[in-house]
Student: 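Would you mind keeping the following structure in view while I ask a few things?
Proteins come first, then strands; the chains are lettered A, B, ... in the order of their sequence lines, and each starts at number 1.
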2 protein chains.
Amino acid sequence: MRVSAKADYAVRAAVELAAAGEGEPVKGERLASSQDIPLQFLEHILLELKHQGLVRARRGAKGGYWLARPAGEVTVADVVRAVEGPIANVQSMPPETIEYAGNAESLRDVWIAVRANIRSVLEEVTLADLVAGELPSSVAALAAEPDAWAAR
Amino acid sequence: MRVSAKADYAVRAAVELAAAGEGEPVKGERLASSQDIPLQFLEHILLELKHQGLVRARRGAKGGYWLARPAGEVTVADVVRAVEGPIANVQSMPPETIEYAGNAESLRDVWIAVRANIRSVLEEVTLADLVAGELPSSVAALAAEPDAWAAR
DNA sequence: CGCACTCTCGACCTAAAAAGTCGAGAAAGT
DNA sequence: ACTTTCTCGACTTTTTAGGTCGAGAGTGCG
């Protein structure tokens with residue numbers, strides 16, 4: 001139950017692009033250094049984001065990357081899905097396709113509920129929210145709970 | 001963002017033990033066949049559950065496994081943690097220990113919120129709930145949403 | 001006691017995924 | 001032309017997932 005380095009990198013790079021705004025494109029190297037991500041790895045990630053239509057790029061001296069849409073219209077879920085594929089839950093199968101035998105029948109509903117709850121966070125938060133440091137209230141409320149910060 | 005086969009197996013085996021109740025112990029082979037899990041892999045999983053104090057076992061002809069606690073006092077989170085360790089979120093680090101640079105600062109709160117939301121499902125559902133097929137209302141409500149069943 | 005049965009547990013194995021590196025090439029701008 | 005920066009396939013390396021094997025040790029029965 002973990003988020004890959006790649007997905008984490010992708011979101012951080014996207015946030016950095018969101019912060020840069022509509023001006024001139026941001027170079028890969030600057031993204032890499034400002035978020036401390038290996039440059040060549042990041043280039044592959046940005047390429048995937050580009051292929052998914054989230055990012056645009058131009059080469060050459062005045063080149064770089066920028067967001068294809070306004071930062072307020074790109075969610076964290078969009079970015080994570082672009083690099084990790086669907087937020088699949090169990091054994092790399094989407095939970096709704098799994099049939100459990102007998103006593104474990106209801107387990108599917110549990111995984112469905114987990115996925116729904118993950119989505120409800122990732123699909124609500126936009127890159128603009130992150131840059132502004134103001135998360136949607138439902139998400140902020142979750143993060144404000146002291147219990148949420150306890151390791152377990 | 002996925003649950004490993006191991007964790008899935010562990011929960012299913014635990015549910016099966018819960019269903020067997022307080023009578024005589026259940027043999028590994030019966031757990032394996034009723035939930036269609038490779039026996040020798042399952043044995044290792046059961047051993048981990050035993051080491052974590054969730055399960056007890058006895059060898060010999062009348063041997064087998066049983067739950068160390070009543071099924072109503074064992075949550076899915078307990079079982080998942082026993083075999084996967086903490087529900088760590090990012091890059092195998094707990095999110096509360098991560099420091100993000102500048103613009104990505106609020107990202108930590110997002111991962112914290114995600115983890116909190118995962119926990120809120122897994123810590124609420126007990127093995128007894130699963131056997132009875134009656135999930136706690138908050139979880140049942142999530143699973144009842146048609147949107148929750150859509151692939152994405 | 002002896003024996004069958006079942007759990008215990010470390011060693012091993014293979015395949016895939018994660019994480020990252022390299023290098024040649026192709027557009028952009030000056 | 002020339003430099004810069006993105007493009008992208010190929011490759012490497014490390015770790016994890018998912019499993020198998022086989023020797024041993026505890027349990028209960030006849």
Student: More 5' along DNA chain D: B:Glu43 or A:Gly64, using each one's nearest nucleotide?
Tutor: A:Gly64

Student: Could you walk me through whether A:Val131 and A:Val15 pass the side-chain contact (heavy atoms from CB on, under 4.5 Å) check?
Tutor: CA-CA 6 Å; A:Val131 171; A:Val15 169; 4.0 Å; yes

Student: Consider only side-chain N and O atoms of A:Tyr100 and B:Asp8, and report whether a donor and an acceptor are under 3.5 Å apart.
Tutor: yes

Student: Report the residue (B:Leu46 or A:His44) whose heavy-atom-nearest nucleotide on DNA chain C is the more 5′ of the two.
Tutor: B:Leu46

Student: Quickly work out the A:Arg56 CZ to C:dA28 P distance and round it to whole Å.
Tutor: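 It is 14 Å, rounded to the nearest whole Å.
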
Student: I need the CH2-C1' distance between B:Trp66 and C:dC7, as an integer number of Å.
Tutor: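 Taking CH2 of B:Trp66 and C1' of C:dC7, I get 11 Å after rounding.
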
Student: Examine C:dT8: is either OP1 or OP2 under 4.0 Å from a nitrogen or oxygen in the side chain of B:Lys50? Give yes or no.
Tutor: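 Yes, B:Lys50 has a side-chain N/O under 4.0 Å of OP1/OP2 on C:dT8.
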
Student: What closest approach, in Å, do A:Val26 and A:Ala20 show between heavy atoms, and which atom pair accounts for it?
Tutor: CG2-CB, 3.3 Å

Student: Identify the heavy atoms of A:Glu123 and A:Ala77 that sit nearest to each other, and give their distance.
Tutor: CG-CB, 3.6 Å

Student: Can a salt bridge be assigned to the pair B:Arg30 and B:Glu16 using a cut-off of 4.0 Å between side-chain N and carboxylate O?
Tutor: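 No, this pair does not count.
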
Student: Considering only heavy atoms, which members of residues 83-97 of chain A lie under 4.0 Å from some atom of DNA chain D?
Tutor: none

Student: Measuring from B:Leu42:CG to B:Lys6:NZ, what's the distance to the nearest 0.5 Å?
Tutor: 12.0 Å

Student: Ignoring hydrogens and geometry beyond distance, is a side-chain donor-acceptor pair present between A:Asp78 and A:Thr75 at under 3.5 Å?
Tutor: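 Side-chain D/A pair, A:Asp78 to A:Thr75: present.
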
Student: Side chains of B:Ser138 and B:Glu124 only: does a donor on one sit below 3.5 Å from an acceptor on the other?
Tutor: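 No pair is found: no donor N or O on one side chain lies under 3.5 Å from an acceptor on the other.
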
Student: Show your reasoning for whether side-chain contact (heavy atoms from CB on, under 4.5 Å) applies to A:Val55 and A:Leu17.
Tutor: CA-CA 9 Å; A:Val55 157; A:Leu17 289 180; 3.8 Å; yes

Student: Give, ordered by number, those residues of residues 2-14 of chain B having at least one heavy-atom distance below 4.0 Å to an atom of DNA chain D; if nothing qualifies, reply none.
Tutor: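 Contacting residues: B:Arg2, B:Ser4, B:Ala5, B:Lys6, B:Tyr9.
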
Student: Could you walk me through whether A:Thr126 and A:Glu73 pass side-chain contact (heavy atoms from CB on, under 4.5 Å), step by step?
Tutor: CA-CA 7 Å; A:Thr126 70; A:Glu73 293 172 24; over 6 Å; no

Student: To the nearest Å, give me how far apart CG (B:Leu39) and C1' (C:dT8) are.
Tutor: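 Atom CG in B:Leu39 sits about 13 Å away from atom C1' in C:dT8.
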
Student: Report yes or no: does A:Arg56 contribute a side-chain atom to a donor-acceptor pair with the main-chain N or O of A:Leu67 at less than 3.5 Å?
Tutor: no

Student: Mind calculating the distance between NE2 (B:His51) and P (C:dC7) to the nearest angstrom?
Tutor: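 About 14 Å, once rounded to whole Å.
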
Student: Rounded to the Å, how far apart are A:Glu24 CD and C:dG29 C1'?
Tutor: 14 Å

Student: What is the distance from CZ of B:Phe41 to P of C:dT14, rounded to the nearest Å?
Tutor: 17 Å

Student: Write down the distance between CD (A:Glu48) and P (C:dG20), rounded to a whole number of angstrom.
Tutor: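 Taking CD of A:Glu48 and P of C:dG20, I get 14 Å after rounding.
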
Student: Can you give the first and last nucleotides of DNA chain D, 5' to 3', that have an atom under 4.0 Å from a heavy atom of chain B?
Tutor: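 Reading along DNA chain D, I get D:dG18 to D:dG28.
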
